[in-house]
Enquirer: 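Here it is, the structure, as structure tokens.
Protein chains get the first letters and strands the later ones, always in sequence-line order, with residue 1 at the start of each.
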Number of protein chains: 2
Amino acid sequence: MSGPFRFSASITPPGAAMSGPEAEERVVAAVVEAILGHRIPPGTRLVERELGKASGASRSAIRNGLLRLAQAGLVELSPNKGASIAQCSPEEARHVFEARIAIETSTARTLAERMTASDRARLEAFIEEERHAYEAGRMEDARHLSRRFHLLLAELAGNPVLTGFVRDLINRQPLLSWGSRDHKPRFCGNEAHRAIVAALAAGDGEKAARLNAEHLRELESELGAERGNTLPAGEEAASGAGAPAGNQ
Amino acid sequence: MSGPFRFSASITPPGAAMSGPEAEERVVAAVVEAILGHRIPPGTRLVERELGKASGASRSAIRNGLLRLAQAGLVELSPNKGASIAQCSPEEARHVFEARIAIETSTARTLAERMTASDRARLEAFIEEERHAYEAGRMEDARHLSRRFHLLLAELAGNPVLTGFVRDLINRQPLLSWGSRDHKPRFCGNEAHRAIVAALAAGDGEKAARLNAEHLRELESELGAERGNTLPAGEEAASGAGAPAGNQ
DNA sequence: TCTGTATAGATTGTCAACAATTCAAGGAGA
DNA sequence: TCTCCTTGAATTGTTGACAATCTATACAGA
């Protein structure tokens, strides 16, 4: 029942057997990319042998990579049973969103205080790029940029510890949307991001933080509402009660 | 010159060769305990062979344990050079404190809203235990409880994601205080904790969050002030040389 | 037909040996 | 005396084989 899917992306330039931390990094990156690209559903088993064939990495490198992924919350390791893509319960999804709001609220405030002209230029250029992707219908790119936007805010705030947390949380995001009806990932609208940048540019960290929190809550409630159709959720549905099944 | 210290705690009940995840867990716990107990200074090399002798764990288990510790920010891994206890620069220390404030502010607010009578009783009992430890001069216990208090707040708030972050940050805390003059770890006063609990019990999450943030900032400034006194000489001072006196 | 059991295959966990790299000491030469 | 090179020990990284565990299939019995 778990998953008819198999992870079998060919990543290696043929004949290249990478070694060491490089191979490990490659395995991690491949799995993360597949998750972000919404190509592996939660529950998919990650067999060491398959990963080895696909990536050309040694078994120990794969093992280390899986360990790192497990600590990032992206895969689950059960003893003697191996690794599989993590399955997020609706409750966990709520926790991830709450954590993002907590941390990004802080980074938004910090960034508003320290923002330089260069930061502002970079953010506005980023928003433009995001808009172009949307308008050109390049949804894959738009999704990527949309995630990258939140990470960029954290990076510019200048706290690597918080940035690391945000990265992990963002990477988990696609796993949450697999519960929705059409299995299509939700992503942020460009307008919301534009408003946040405007608030930051005006030095209003409080407003930027508030907008960002509302933005994330909306994203969560869309997810929750869709999930409400497929799951007989009792208590969890309370948060998404206001927005019935409006999807596209 | 880095470290004359060696990690050689005998942990094993003699003749017990643990296996599997249990051994790995034991290695991790042993290192974490040693850090929390302020028994290993940053920079101490962790040689796999030594860890194996001390813990009775196999080399692969040790390797996995070190990987986990590295991801928690407690040890640094350099390729082909092995593992050593992480050295936190003053800048990193600031980031850790900032991260704690960001996250604990959120958990304090959440907890104030959801707090039950049982939570309140537990917190007050905890504070009492902490006070007893202080008054009895059991400083080791007091330090332990003092850390545990902040973790307990996060746990009671009910978000495992944020709790995990807080745990990692708290575990890193002792590494920050090794730069201070007497190498003695700073720890929270019981009064500050009592005030936080009072605010939480009154349902005033805003106040609790503010008190907690001030509490942490005070801790940080004590650390920073002491570090400013001792660092100007020596090889490590390279990072602190940029800001001779006038930071803060 | 259904249930419980036995067996075979596949997968993970562990270990020991080997290869590669780093670090420190020692010595030759200017 | 100082610098640079060589050499050796110590440590980490990797590989392959073996043991332990789980999963699925086939089968006997009610």
Side-chain angles (χ1 to χ4, degrees), chain A residues 1-8 11-12 15-28 30-31 40 43-71 74-87, chain B residues 1-8 11-12 15-28 31 40 43-71 74-87 235:
Chain A
M1 297 298 177
S2 60
F5 289 79
R6 294 214 136 186
F7 181 78
S8 63
I11 330 167
T12 40
M18 283 297 160
S19 71
E22 204 162 350
E24 176 186 327
E25 189 56 40
R26 176 178 297 202
V27 172
V28 172
V31 175
I40 347 179
T44 305
R45 288 199 50 190
L46 299 175
V47 183
E48 295 179 359
R49 184 188 177 87
E50 312 250 342
L51 289 175
K53 272 188 185 173
S55 67
S58 70
R59 219 179 129 197
S60 45
I62 291 171
R63 227 138 213 289
N64 292 350
L66 289 176
L67 219 61
R68 280 177 50 187
L69 289 166
Q71 268 189 303
L74 295 179
V75 318
E76 287 166 354
L77 293 178
S78 22
N80 289 322
K81 293 183 62 177
S84 53
I85 302 293
Q87 287 174 307
Chain B
M1 281 304 177
S2 60
F5 289 79
R6 294 213 136 188
F7 180 78
S8 63
I11 330 165
T12 41
M18 283 295 160
S19 71
E22 203 162 350
E24 176 186 327
E25 189 55 39
R26 176 180 296 202
V27 173
V28 172
V31 174
I40 347 180
T44 305
R45 289 198 50 192
L46 298 175
V47 182
E48 295 178 357
R49 186 189 175 85
E50 313 252 342
L51 288 176
K53 273 188 185 172
S55 67
S58 70
R59 221 179 127 200
S60 41
I62 291 171
R63 225 138 214 287
N64 291 350
L66 289 177
L67 218 62
R68 280 177 51 187
L69 289 166
Q71 268 189 302
L74 295 179
V75 318
E76 287 167 354
L77 293 178
S78 22
N80 289 323
K81 294 183 59 178
S84 54
I85 301 292
Q87 287 175 308
E235 49 277 359

Enquirer: Measure from CG on L66(A) to P on dG13(C) and round the result to the nearest Å.
Expert: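 It works out to 10 Å between those atoms.
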
Enquirer: Please name the pair of heavy atoms, one in Q71(A) and one in L67(B), separated by the smallest distance, quoted to 0.1 Å.
Expert: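 Distance-wise, the nearest heavy atoms are OE1-O, 4.1 Å.
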
Enquirer: Would you say R63(A) places a side-chain N or O within less than 4.0 Å of OP1 or OP2 belonging to dG13(C)?
Expert: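 So the side-chain polar atoms of R63(A) do come within 4.0 Å of the phosphate oxygens OP1 or OP2 of dG13(C), strictly under.
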
Enquirer: Closer than 4.0 Å, any side-chain N/O of S58(A) to the OP1 or OP2 of dT15(D)?
Expert: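 For dT15(D), OP1 or OP2 has a side-chain N or O of S58(A) closer than 4.0 Å.
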
Enquirer: Show the distances under 3.5 angstrom between N or O atoms of the protein and N or O atoms of nucleotides 18-22 of chain D.
Expert:
from: dT21(D); atom 1: O3'; to: N80(A); atom 2: ND2; distance (Å): 3.4

Enquirer: Taking all heavy atoms of V31(B) and all of I40(B), pick out the closest pair and write down the distance.
Expert: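 In this case the closest contact between V31(B) and I40(B) is O-CD1, 4.3 Å.
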
Enquirer: For the atom pair CZ (R63(B)) and CD (E24(B)), what is the distance rounded to the nearest 0.5 Å?
Expert: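 Here the rounded value is 12.5 Å.
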
Enquirer: Between atom CZ in R49(B) and atom P in dG13(D), what is the gap in whole Å?
Expert: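 Roughly 16 Å, once rounded to whole Å.
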
Enquirer: Measuring from the side chain of R45(A) (C-beta onward, heavy atoms only), which nucleotide among dT12(D), dT12(C), dT15(D) has the closest atom?
Expert: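 My answer, after comparing the listed nucleotides, is dT12(C).
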
Enquirer: What are the two closest non-hydrogen atoms of V27(B) and S55(B), and how far apart are they?
Expert: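 Where V27(B) meets S55(B) most closely, the heavy atoms are CG2-OG, 3.6 Å.
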
Enquirer: Given side chains that start at C-beta, do those of L66(A) and V28(A) come closer than 4.5 Å, heavy atoms only?
Expert: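 L66(A) vs V28(A): side chains apart.
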
Enquirer: Take the protein atom CD of E24(B) and the nucleotide atom P of dG13(C), then report the distance between them rounded to whole Å.
Expert: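 To the nearest whole Å, that distance equals 10 Å.
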
Enquirer: Provide, to the nearest angstrom, the distance between the CG atom belonging to L46(A) and the P atom belonging to dA10(C).
Expert: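 Rounded to the whole Å, the gap is 20 Å.
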
Enquirer: How many angstroms lie between atom CZ of R49(B) and atom CD1 of I62(B), to the nearest 0.5 angstrom?
Expert: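 It is 11.0 Å, given to the nearest 0.5 Å.
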
